[in-house]
Asker: 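Quick one: structure below, then a few questions.
Just so it is clear, the structure is predicted and the values come from calculations on it, not from any experiment.
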Amino acid sequence: MKTTDRRNFIRDLGILSAAASISSLLPLEVFAADKKEFFQISLAQWSLHKTLFAGKLSNLDFPLKAKKDFDIHIVEYVSPFFKKQETDKAYLKELKDRTDSEGIQNHLIMIDGEGNLGDLDDKARLIAVENHYKWVDAAKFLGCKTIRVNAAGKGTAEEIKTAAIDGLGKLTEYGKKNKINIIVENHGGYSSDGNWLSSVIKGVNSSYCGTLPDFGNFKISADKEYDKYQGVKDLLPYAKGLSAKTHNFKEDGEEQDIDYTRMFEIVKAGKWSGIVGIEYEGSVLSEDEGIRKTKELLERVRNKF
């Protein structure tokens with residue numbers, strides 16, 4: 001070996017030895033920190049809708065409850081709980097100041113009651129589109145990345161599909177200008193048909209338009225239901241979040257009607273990672289208990305992968 005090569009070898013060996021000595025003194029968490037987590041857990045505000053509607057909790061206090069009571073630091077809002085204050089800058093600033101000071105991440109706002117983006121009437125559809133602009137603005141102000149909307153209308157599947165592509169397309173243009181994602185949940189009617197909704201998103205054809213697959217919302221009508229596992233497969237390629245719906249739990253803590261391990265095997269196979277929102281809608285457990293049970297279930301599932 002040449003003298004210079006030998007010196008370099010000895011130098012490199014010394015560096016490796018020193019690194020090994022240091023690593024033995026550091027906790028394992030330091031080395032695990034760079035490993036990307038399969039998914040993060042957020043709390044969807046609808047999980048506490050009974051408490052909120054009863055006036056026992058305000059929209060402003062919701063994020064701190066998520067953090068203090070459930071140790072959840074990412075939150076998802078629902079539009080009615082803003083109580084028409086979504087354009088009030090002072091109100092939004094107070095909400096943002098509270099979340100910023102507590103290190104809470106504002107993830108998305110779920111929008112309801114602003115008109116049908118798949119309305120067959122051109123004028124009504126445009127009004128619905130423009131009604132959502134203020135929510136894009138509110139989301140941007142709060143630091144959210146996304147608003148969830150509905151692809152609804154009255155007519156045949158093809159008619160509503162055409163109208164929804166137009167309505168979502170126009171809204172997505174506004175969202176893109178503000179760097180806010182527009183995502184659609186399977187929320188009843190044709191939107192709960194995974195194949196139909198995925199075709200709508202394909203039709204919009206924008207990276208700013210995606211889906212929010214809800215594990216438990218695949219009921220198309222009173223007597224027709226789309227397979228939930230197939231539905232998640234259909235919507236996953238466009239998903240910018242997931243909604244972990246729960247109602248009832250077995251004695252072992254598993255959800256009674258949704259196989260969460262199977263569901264997340266689908267998610268993992270799809271190479272998806274991101275934020276999964278807890279949306280407890282059960283009536284047997286209290287809202288607080290249901291949220292805790294859902295969080296425990298998600299954590300167990302996450303540890304399997």
Asker: Centroid separation under 6.0 Å, is that true for the rings of H49 and W46?
Answerer: yes
Asker: Without swapping roles, check the side chain of N150 against the backbone of A152 for a donor-acceptor pair under 3.5 Å.
Answerer: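 Side chain of N150 to backbone of A152: no pair is present.
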Asker: Indicate, with yes or no, if the rings of W135 and F82 have centres closer together than 6.0 Å.
Answerer: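 Yes; F82 has its ring centre under 6.0 Å from that of W135.
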Asker: Aromatic ring centroids of F264 and F305 under 6.0 Å?
Answerer: no
Asker: Please say whether the positively charged group of R302, taken as NZ for Lys or CZ for Arg, lies over the ring of F39, i.e. under 6.0 angstrom from the six-membered ring centre and within 45 degrees of the axis.
Answerer: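 So R302 does make the cation-pi contact.
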Asker: So do the side chains of L117 and H132 get within less than 4.5 Å of each other, counting heavy atoms only?
Answerer: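 Contact flag for L117/H132 side chains = yes.
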Asker: Please determine if D288 and K65 form a salt bridge, counting it only when a charged side-chain N lies under 4.0 Å from a carboxylate O.
Answerer: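 Salt bridge between D288 and K65, a charged N being under 4.0 Å from a carboxylate O: yes.
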Asker: Tell me whether E254 is salt-bridged to R300, with the criterion being a basic N under 4.0 Å from an acidic carboxylate O.
Answerer: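 R300 and E254: salt-bridged.
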Asker: Quick check: does any side chain N or O of D61 sit under 3.5 Å from a backbone N or O of L57, one acting as donor and the other as acceptor?
Answerer: no
Asker: Measure from the side-chain N and O atoms of T211 to the backbone N and O of A239, and report whether any donor-acceptor pair falls under 3.5 Å.
Answerer: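 Side chain of T211 to backbone of A239: a pair is present.
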Asker: Are F215 and S243 packed together at the side-chain level, in the sense that at least one heavy-atom pair is separated by less than 4.5 angstrom?
Answerer: no
Asker: Would you say the side chain of N59 lies within less than 4.5 Å of the side chain of L95, judging by non-hydrogen atoms?
Answerer: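 A side-chain contact exists here, since the closest heavy-atom pair is under 4.5 Å.
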Asker: Inspect the contact between R98 and E94 and indicate whether a charged nitrogen and a carboxylate oxygen are less than 4.0 angstrom apart.
Answerer: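 Yes, this pair counts.
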Asker: Say whether, by atom type as modelled, one donor and one acceptor occur between the side chain of D119 and the main chain of G153 under 3.5 angstrom.
Answerer: no
Asker: Between F70 and K295, is there a cation-pi geometry (under 6.0 Å to ring centre, at most 45° from the normal)?
Answerer: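 Not flagged: K295 not positioned over aromatic ring of F70.
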Asker: Walk me through it: do I147 and L108 pass the test side-chain contact (heavy atoms from CB on, under 4.5 Å)?
Answerer: CA-CA 5 Å; I147 66 167; L108 66 84; over 6 Å; no
Asker: Tell me, with the steps shown, if L52 and Q45 meet side-chain contact (heavy atoms from CB on, under 4.5 Å).
Answerer: CA-CA 9 Å; L52 284 149; Q45 194 172 34; 3.5 Å; yes
Asker: Show, in sequence, the C-alpha distance, side-chain angles and deciding distance for S42 and E76, and conclude whether the side chain to side chain donor-acceptor pair (under 3.5 Å) test is met.
Answerer: CA-CA 7 Å; S42 62; E76 305 177 12; 2.5 Å; yes
Asker: Please determine if R262 forms a cation-pi arrangement with Y229, meaning its NZ or CZ atom is less than 6.0 Å from the six-membered ring centre and no more than 45° off the ring axis.
Answerer: yes
Asker: Should the heavy atoms of other residues, nucleotides or ligands under 6.0 Å from NZ of K50 be counted, would the total exceed 12?
Answerer: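 For K50, atom NZ is crowded (more than 12 foreign heavy atoms under 6.0 Å).
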Asker: For the CD atom of E289 and the CG atom of L285, what is their distance to the nearest 0.5 Å?
Answerer: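 Here the interatomic distance stands at 5.5 Å.
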Asker: Between Y190 and G155 (side chain of the first, backbone of the second, donor and acceptor by atom type, cut-off under 3.5 Å), is there such a pair?
Answerer: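 At least one qualifying donor-acceptor pair exists.
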Asker: Considering only NZ, NE, NH1 and NH2 on the basic side and carboxylate oxygens on the acidic side, decide whether R125 and D122 come within less than 4.0 Å.
Answerer: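 Looking at D122 together with R125, the answer is yes, because their closest N to O distance falls below 4.0 Å.
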Asker: Please determine whether side chain to side chain donor-acceptor pair (under 3.5 Å) holds for the pair T261 and K304, giving the CA-CA distance in whole Å, both sets of side-chain angles, and the decisive distance to 0.1 Å.
Answerer: CA-CA 8 Å; T261 297; K304 292 180 180 180; 2.7 Å; yes
Asker: Can D234 and Q230 be said to form a side chain to side chain donor-acceptor pair (under 3.5 Å), step by step?
Answerer: CA-CA 6 Å; D234 293 339; Q230 182 59 48; 2.8 Å; yes
Asker: Any salt bridge linking R148 with E185? Criterion: basic side-chain nitrogen under 4.0 Å from a carboxylate oxygen.
Answerer: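 So R148 pairs with E185 through a salt bridge.
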Asker: Can you name the closest pair of heavy atoms from K240 and H107 and give their distance?
Answerer: O-CE1, 4.2 Å
Asker: Is there a side-chain contact between F62 and Y77 (heavy atoms, below 4.5 Å)?
Answerer: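 A side-chain contact exists here, since the closest heavy-atom pair is under 4.5 Å.
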Asker: Could you walk me through whether I182 and L168 pass the side-chain contact (heavy atoms from CB on, under 4.5 Å) check?
Answerer: CA-CA 8 Å; I182 310 299; L168 282 169; 4.2 Å; yes
Asker: Could you check if a side-chain atom of E158 sits within less than 4.5 angstrom of a side-chain atom of K161, using non-hydrogen atoms only?
Answerer: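 Sidechains of K161 and E158: in contact.
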Asker: Taking atom types as modelled and ignoring hydrogens, do the side chains of S192 and N217 form a donor-acceptor contact shorter than 3.5 angstrom?
Answerer: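 Result is no, nothing qualifies.
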Asker: Tell me whether K170 is salt-bridged to D166, with the criterion being a basic N under 4.0 Å from an acidic carboxylate O.
Answerer: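 D166 and K170: salt-bridged.
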Asker: How about E255 and H247: do any of their side-chain heavy atoms sit closer than 4.5 Å?
Answerer: yes
Asker: Quick check: do K228 and M263 have side-chain heavy atoms less than 4.5 Å from each other?
Answerer: yes
Asker: Mind checking the CG-CZ spacing from L298 to F38? Nearest 0.5 Å is all I need.
Answerer: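 Between atom CG of L298 and atom CZ of F38 there are 10.5 Å.
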Asker: Which one of V136, I109, V75 satisfies the side chain to side chain contact (heavy atoms under 4.5 Å, CB included) criterion with C144?
Answerer: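 Only match with C144 under side chain to side chain contact (heavy atoms under 4.5 Å, CB included): I109.
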Asker: Look up atom OG1 in T99 and atom CD1 in I74, then write down how far apart they are to the nearest 0.5 Å.
Answerer: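 Here the interatomic distance stands at 12.5 Å.
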Asker: Should we say atom NZ of K134 is surrounded by more than 12 heavy atoms from elsewhere, each under 6.0 Å from it?
Answerer: yes
Asker: Hydrogens and angles aside, do E287 and T51 bring a side-chain donor and acceptor to less than 3.5 Å of each other?
Answerer: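 Note: E287 and T51 side chains meet the donor-acceptor criterion.
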Asker: Tell me whether K93 is salt-bridged to D97, with the criterion being a basic N under 4.0 Å from an acidic carboxylate O.
Answerer: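 Salt bridge between K93 and D97, a charged N being under 4.0 Å from a carboxylate O: yes.
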Asker: Looking at NZ of K176 and OG of S207, how far apart are the two atoms once the value is rounded to the nearest 0.5 Å?
Answerer: 6.0 Å
Asker: When you measure from the side chain of N248 to the backbone N and O of Q256, does any donor-acceptor pair fall under 3.5 Å?
Answerer: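 No: the side chain of N248 does not pair with the backbone of Q256.
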Asker: Output the distance between atom NZ (K245) and atom OG1 (T294), rounded to the nearest 0.5 Å.
Answerer: 11.0 Å
Asker: Contact between L171 and V149 at the side-chain level, heavy atoms closer than 4.5 Å - yes or no?
Answerer: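 L171 reaches V149 side chain to side chain.
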Asker: Dump the intermediate steps for side-chain contact (heavy atoms from CB on, under 4.5 Å) on L236 and L242, then the final yes or no.
Answerer: CA-CA 9 Å; L236 195 63; L242 296 175; 4.1 Å; yes
Asker: Would you give the length of the straight line joining atom CD1 of I111 to atom CD of E86, rounded to the nearest 0.5 angstrom?
Answerer: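 Going from CD1 on I111 over to CD on E86, the span is 8.0 Å.
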Asker: I'd like to know if R292 and D69 make a salt bridge, using a cut-off of under 4.0 Å between side-chain N and carboxylate O.
Answerer: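 No, R292 and D69 are not salt-bridged.
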Asker: Are there more than 12 heavy atoms of other residues, nucleotides or ligands under 6.0 Å from atom NZ of K145?
Answerer: no
Asker: Please check if the side chain of K293 supplies one atom and the backbone of G253 the other of a donor-acceptor pair under 3.5 Å.
Answerer: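 Answer holds: no.
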Asker: What do the steps show when you test Y174 against D137 for side chain to side chain donor-acceptor pair (under 3.5 Å), and what is the final call?
Answerer: CA-CA 10 Å; Y174 188 78; D137 297 341; 2.7 Å; yes
Asker: Indicate the ring-plane relationship of Y280 and F249, choosing parallel, tilted or perpendicular according to the 30° and 60° boundaries.
Answerer: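 If you compare the ring of Y280 with that of F249, the planes turn out parallel.
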